[in-house]
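Worksheet: one structure, shown below.
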Amino acid sequence: MPPGAPFNSFALPYPIRVDAFSAISPSSPEPHNAVLHLLTHTHSDHIVGLQAKSFCQRVICSADAKDMLLRHEVYRERALHEGEYRAEHNLTFKHLKVDPWIGPDGEVFYHGSRDLLNVFPMDTPTKVELGRDKEVTITLFDANHCPGAVMYLIEGSEGAILHTGDFRAEPWFLESIKHNPLLQPYLALSEDETSTNNGNGIVKTLEAIYLDTACVMQNYQVPTKDDATSGLIDLLKLYPPSTYFFINSWTWGYEDTLKAIARAFNCRIHLDNYKYKVYSRFISDPLLRALGTTDPDETHFHACERFSRCRHVNVDQDGNFINDDDGDEASEDTIDVANRIFFGKPLKETKDSSQKKKLVIYINPVSSMTPESWLQYQATTKKQLANGDVVRSLLVPLSRHSPLPELQSFVSLFRPKRVIPNTLDPSLRNLDWAAIDRVFRSCCRPPDSSHTWNPQQVIPPAPVAEHLLFLELVRECKASTTPTNPG
DNA sequence: GCGATCAGAT
DNA sequence: CACATCTGATCGC
């Protein structure tokens, strides 16, 4: 996890570390050696330490996450390769999987081969040894965050814990959780909790949920991804067919929107070579695999490299083409102007001039918009478009993390013994933890003697005047609930 | 010179 | 716009 995660990213009470791969400070109270590493997804703040050439422990992840990791290349390296300054790819994690060198006779020349990335199947309880006589059963569930992102259910002698990684627990996701037979044993009973866990194994309780608290301070609902996507598509349909669109999918996690656009307009989406390569690997997702094209001329919808956009969508805020010395737009423009000035020819009223004036619309995902302000934004934008106003950039409220209300609904499904935040702000010195603890108390089981494992003991005491600072934190939280102003 | 870590900008 | 990503500086080995 990003810096600031509790327990040095250990999924206590197990010696399992999640989304953290760098060395642990010798002064830390937690164990210093992880027996097992889990990876929830491949966003850069979840793979810290994995790039170290010295890393040599095995890592459990999903098949898609493994594919994405092994193709991972930072922007600079991608640009060097694209610009033909470097012939070969410089893959960030190539040291994690090293193939043996085998001669034509099957002779192995290089014995340093290894594959540290251990793919576990989805929705399949899988046993793992944790040292002598210790084993846990680990199950992966889709996390609705980005391709390859999973949650982990860890079951063993110390009880069961659920680690959400990063996730978006929108209503359909909660339904799928409720109907997942592997999680049903852990669902809370609606009313009578006293009868739970009499030892017959029918009703089980999670010791802890390690929760994605990235947006826990967002104390308001946000639109579902489906609402955001369908609303966006309605807006896109209002533009003339000659319009070009740039979808600023600046990180993994906007694929559902790309898929919906590809379907709605029955067209492919222009991708840079890197995204194309990654998407075309997704065996589990035929639509994602098929939606991309590396031919910029094939489509009006572009999700290519955002720092080196292709010539069709490389415009500034005023719609002027940037760096078009090798683009045909500029040369046509020049010829046209020359014709008009020197030969008195009228401007061509062909498709060329409409091409020159072609609109490029930027589509930017945002995360802080309520369902109401999204509706208002759509209405306002439709009005502007009907007026003939040029709306050059569109916002779409695509949250990849759950805000507080969704988190509370998710936790309430299970009523675990405790909630542990996946991320904390170190500058708040555990005050955010105290706040989170309070915010989820009513979604958890009341403390009793069955709380065999008490991580609270590990939490350093909050600073003086905790309640005052806590109030300040809540105020801050309330301040952040101001909905985004449309427009 | 490499790698880890952090601040800062986008 | 964005809580993820990249860059550059610093420090230690």
Side-chain angles (χ1 to χ4, degrees), chain A residues 1-5 8-9 19-28 40-56 68-69 72-80 90 92-93 95 145-149 165-168 211-218 222-223 228 232 246-255 257 272 274-275 278 303 305-309 316-317 361-370 373-374 377 381 391-404 407 421-428 432 476-477 480 482-487:
Chain A
M1 300 301 300
N8 269 323
S9 301
D19 292 350
F21 308 91
S22 44
I24 298 166
S25 154
S27 61
S28 87
T40 64
H41 65 290
T42 67
H43 280 148
S44 64
D45 53 336
H46 292 258
I47 51 182
V48 175
L50 206 50
Q51 80 288 351
K53 301 283 176 282
S54 54
F55 184 87
C56 59
M68 292 168 80
L69 265 191
H72 187 279
E73 207 175 357
V74 297
Y75 171 67
R76 191 185 148 78
E77 298 298 334
R78 304 199 295 265
L80 283 172
N90 192 1
T92 318
F93 300 105
H95 58 291
H145 178 69
C146 73
D166 284 1
F167 79 147
R168 175 76 200 275
L211 190 69
D212 172 19
T213 46
C215 293
V216 73
M217 292 302 192
Q218 269 189 333
V222 296
L232 172 69
F246 178 75
I247 306 138
N248 186 9
S249 48
W250 56 287
T251 186
W252 308 123
Y254 302 119
E255 290 71 19
T257 305
D272 50 84
Y274 176 59
K275 273 200 213 83
V278 171
E305 194 79 75
R306 70 190 193 286
F307 293 136
S308 51
R309 301 180 291 267
D316 64 18
Q317 289 183 335
I361 308 302
Y362 277 62
I363 301 165
N364 284 311
V366 294
S367 73
S368 52
M369 220 192 261
T370 64
S373 51
W374 173 227
Y377 176 83
T381 308
V391 182
R392 282 219 167 78
S393 87
L394 291 174
L395 303 180
V396 54
L398 286 167
S399 286
R400 287 167 289 117
H401 299 277
S402 284
L404 182 59
L407 294 176
N422 282 350
T423 50
L424 291 170
D425 179 349
S427 71
L428 292 174
D432 43 356
E476 221 173 85
C477 174
S480 76
T482 315
T484 298
N485 259 344

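We name chains A, B, ... by the order of the sequence lines, and we start the count at 1 in each one.
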Within the 4.0 Å heavy-atom criterion, would you say [X] contacts the bases, only the backbone, or no part of the nucleic acid?
| X | answer |
| --- | --- |
| A:Trp252 | nothing |
| A:Ala214 | nothing |
| A:Ser22 | sugar-phosphate |

According to a strict under-4.0 Å criterion, is [X] in side-chain N/O contact with OP1 or OP2 of [N]?
| X | N | answer |
| --- | --- | --- |
| A:His41 | C:dA4 | no |
| A:Gln218 | C:dC3 | no |
| A:Ser54 | B:dA4 | yes |
| A:Arg400 | C:dC3 | yes |

Expressed as a whole number of angstroms, how long is the span from [X]:[atom1] to [N]:[atom2]?
| X | N | atom1 | atom2 | answer |
| --- | --- | --- | --- | --- |
| A:Phe246 | C:dC1 | CZ | C1' | 13 Å |
| A:Met369 | C:dC1 | CE | P | 11 Å |
| A:Tyr254 | C:dA4 | OH | P | 9 Å |
| A:Phe55 | B:dA4 | CZ | P | 11 Å |
| A:Lys53 | B:dG1 | NZ | P | 17 Å |
| A:Asn364 | C:dA2 | CG | P | 10 Å |
| A:Leu398 | C:dA2 | CG | C1' | 12 Å |
| A:Leu424 | C:dC3 | CG | P | 18 Å |

(Q) Need to verify one output field. Residue with the more 5' nearest nucleotide on DNA chain C, A:Asn248 or A:Thr251? (A)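 Its nearest nucleotide being more 5', the pick is A:Asn248.
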
Using a 4.5 Å cut-off on heavy atoms from C-beta on, say whether the side chain of [Y] contacts that of [X].
| X | Y | answer |
| --- | --- | --- |
| A:Tyr362 | A:Asn248 | no |
| A:Leu407 | A:Phe167 | yes |
| A:Leu50 | A:Leu69 | yes |

Does A:Glu305 have any salt bridge (charged side-chain N to carboxylate O under 4.0 Å, His left out) partners at least two apart in sequence or in another chain, and if so, which?
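A:Glu305 satisfies salt bridge (charged side-chain N to carboxylate O under 4.0 Å, His left out) with A:Arg78 only.
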
Cut-off 3.5 Å, no hydrogens considered: what does the side-chain donor-acceptor table look like for residues 393-401 of chain A, sequence neighbours left out?
from     : atom 1 : to       : atom 2 : distance (Å)
A:Ser399 : OG     : A:Ser367 : O      : 3.2
A:Arg400 : NE     : A:Tyr254 : OH     : 3.2
A:Arg400 : NH2    : A:Tyr254 : OH     : 3.2
A:His401 : ND1    : A:Asp212 : OD1    : 3.3
A:His401 : ND1    : A:Asp212 : OD2    : 2.7

Plane angle bin for A:Tyr274 and A:Trp252 - parallel if under 30°, tilted between 30 and 60°, otherwise perpendicular
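Plane angle between 30° and 60°, so tilted.
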
Every protein N/O lying under 3.5 Å from an N/O of nucleotides 6-8 of chain C:
from  : atom 1 : to      : atom 2 : distance (Å)
C:dC6 : OP1    : A:Tyr75 : N      : 3.2

* **Main-chain N/O of A:Gly49 paired to A:Gln51 side chain as donor or acceptor, under 3.5 Å** =>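 The answer is yes, because a donor-acceptor pair under 3.5 Å joins these two groups.
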
